[in-house]
Number of protein chains: 2
Amino acid sequence: MTTPHQSRADRRRATEARILAGARELFAERGFDRTTIRAVATAAGVDPALVMQYFGSKRELFTRAVQAFPAPPAPGGADALVDQLLATLGLKLGGLPEGTLAMMRSMLTDPAAAEQAREALGRQIDGIGAALSAADDPELRAALVITTLLGVTIGHQLLGLPALRDAPADRIAALLRPAVEALTEPGPSCGPRRPTA
Amino acid sequence: MTTPHQSRADRRRATEARILAGARELFAERGFDRTTIRAVATAAGVDPALVMQYFGSKRELFTRAVQAFPAPPAPGGADALVDQLLATLGLKLGGLPEGTLAMMRSMLTDPAAAEQAREALGRQIDGIGAALSAADDPELRAALVITTLLGVTIGHQLLGLPALRDAPADRIAALLRPAVEALTEPGPSCGPRRPTA
DNA sequence: ACTTTCGGTCAACGGCCGTAGAGTTAAACG
DNA sequence: CGTTTAACTCTACGGCCGTTGACCGAAAGT
């Protein structure tokens, strides 16, 4: 079973990685509350007490399992940013990191996860807001861009809405592009619709 | 304390209403798992066993507390629909019904709530999709509209992102309008951006 | 080879929860 | 008035969970 000869440190790292992998998977599909340390231990082929010994508490395990959340905030300049956002969304619609899914899954019911999510999303918003400083209300626009993408991701990955599940990722990205551009561009949309409501 | 003279049926309805109100409030702010029947009973000034006697189970209590979720799917015809969506979002950004909040709060971690949410959102998507039958992929477009609004609402109401909390509701609606229109309109956005990525 | 160290297990405690059943009080009804 | 009915409470069971401390066996150090 276990590869025959490896140092103690190697074994430790290996089982720690197995525990973290199991934790990420379970946190991602069941959320914080419904994921038991016992289940994580079983998934890792290990005794529950060992998980405690390694991570101290369920909270700490969650934090460690999720800490890869802060994806790159946003380097680009103007509307290449839109390309980038849609690319990461499009490509990863089928493959978001499990830590991110775990975070999103738990952020509405676990206050600590909510705080972590607020910080991570805030970083992204700040990054995008900086790139949008040409427009009015850049922060608000950035927040709307991020929450829009968040909503689509939730509907797609976490809720599994059929209308989104059945659509190819690049089609979603293509339809989303003008909407995101409309959020980032200062002027009125285009065709003379109506001034205000 | 209790208003002096009322029939047995009146008292029953009153306490049932008190229980439901407490349940809605707690489910909305803590989600299904973290809301205990004991806490609901305390909030209603009642013994926990009475909640069981009235509603049979915690599940049933949740279902009853949330059943007002399916807001009107969407009657309108074309882009008056956008007006309507943004109006309900704008007006209710500060006042969504607590049952809806409870539903949204729990849908990512409770499978039963997720199923209810999928049905409710599916109804809305179908309604909007019907109004969008002029465009290609009407259902997908409708799903993106709904998930976009969902994401903004989550960021605003459930996560409390500062950038959204500090913005007036009508400003949010105004910025969101061209984005939603971009999702519902068939043609390419407007200015000749770039054909594809 | 003896001892120490440490990855790992076992068994258990204490707490909180959903739920059930018997019991209590007072309004409805004859 | 006595009896019934129903709103409401008390008490407790059984289960699952996070967490703990004692214990075991093999690798590491001397």
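Here is how names work: the chains are called A, B, and so on, in the same order as the sequence lines, proteins then strands, and each is numbered from 1.
Under the 4.5 Å side-chain criterion, counting only non-hydrogen atoms from C-beta, Leu150(A) is not in contact with Gln124(A). Annotation: side chain of Thr35(A) is in contact with side chain of Val40(A) (closest heavy-atom distance under 4.5 Å).
Of the possible polar contacts, none joining the Arg24(A) side chain to the Ala102(A) backbone as a donor-acceptor pair under 3.5 Å is found. At distances below 3.5 Å, at least one donor-acceptor pair connects side-chain atoms of Arg141(A) with backbone N or O atoms of Asp136(A).
Remark: P of dC13(D) and CE of Met52(B) are 18 Å apart, rounded to the nearest angstrom. Remark: C1' of dT20(D) and CD1 of Ile37(A) are 12 Å apart, rounded to the nearest angstrom. Counting to the nearest Å, the C1' atom of dA27(C) and the CZ atom of Arg8(B) are 5 Å from each other. What separates CG of Asp47(A) from C1' of dT20(D) is a distance of 12 Å, to the nearest Å. dT9(C) atom P lies 6 Å from atom CG of Leu50(A), rounded to whole Å. Atom pair Arg38(B):CZ and dG18(C):P shows a separation of 7 Å (rounding to whole Å applied). Atom NZ in Lys58(A) sits roughly 19 Å away from atom P in dG15(C) (whole-Å rounding). dC16(D) atom C1' lies 13 Å from atom CG of Asp33(B), rounded to whole Å.
Proximity of Thr15(A) to the phosphate of dG7(C): no side-chain N or O atom is located under 4.0 Å from OP1 or OP2. OP1 or OP2 of dG8(C) lies within a sub-4.0 Å distance of a side-chain N or O belonging to Arg11(A). In terms of phosphate contacts, Tyr54(A) brings no side-chain nitrogen or oxygen within less than 4.0 Å of OP1 or OP2 of dG7(C).
Nucleotides of DNA chain D nearest to Ala49(A) and Gly45(B) differ in position, and the one nearer the 5' end is that of Gly45(B). For the pair Gly56(B) and Ala9(B), nearest-nucleotide mapping onto DNA chain C gives the more 5' position to Gly56(B). The residue among Glu16(A) and Ser57(B) whose nearest nucleotide of DNA chain C is located toward the 5' end is Glu16(A). Comparing Thr35(A) and Gln53(A) against DNA chain D, the residue whose closest nucleotide sits nearer the 5' end is Thr35(A).
Using a 4.0 Å cut-off between a side-chain N of Lys or Arg and a carboxylate O of Asp or Glu, Arg59(B) and Asp110(B) qualify as a salt bridge.
For Arg12(B) against dA7(D), a side-chain-to-base donor-acceptor contact under 3.5 Å is absent.
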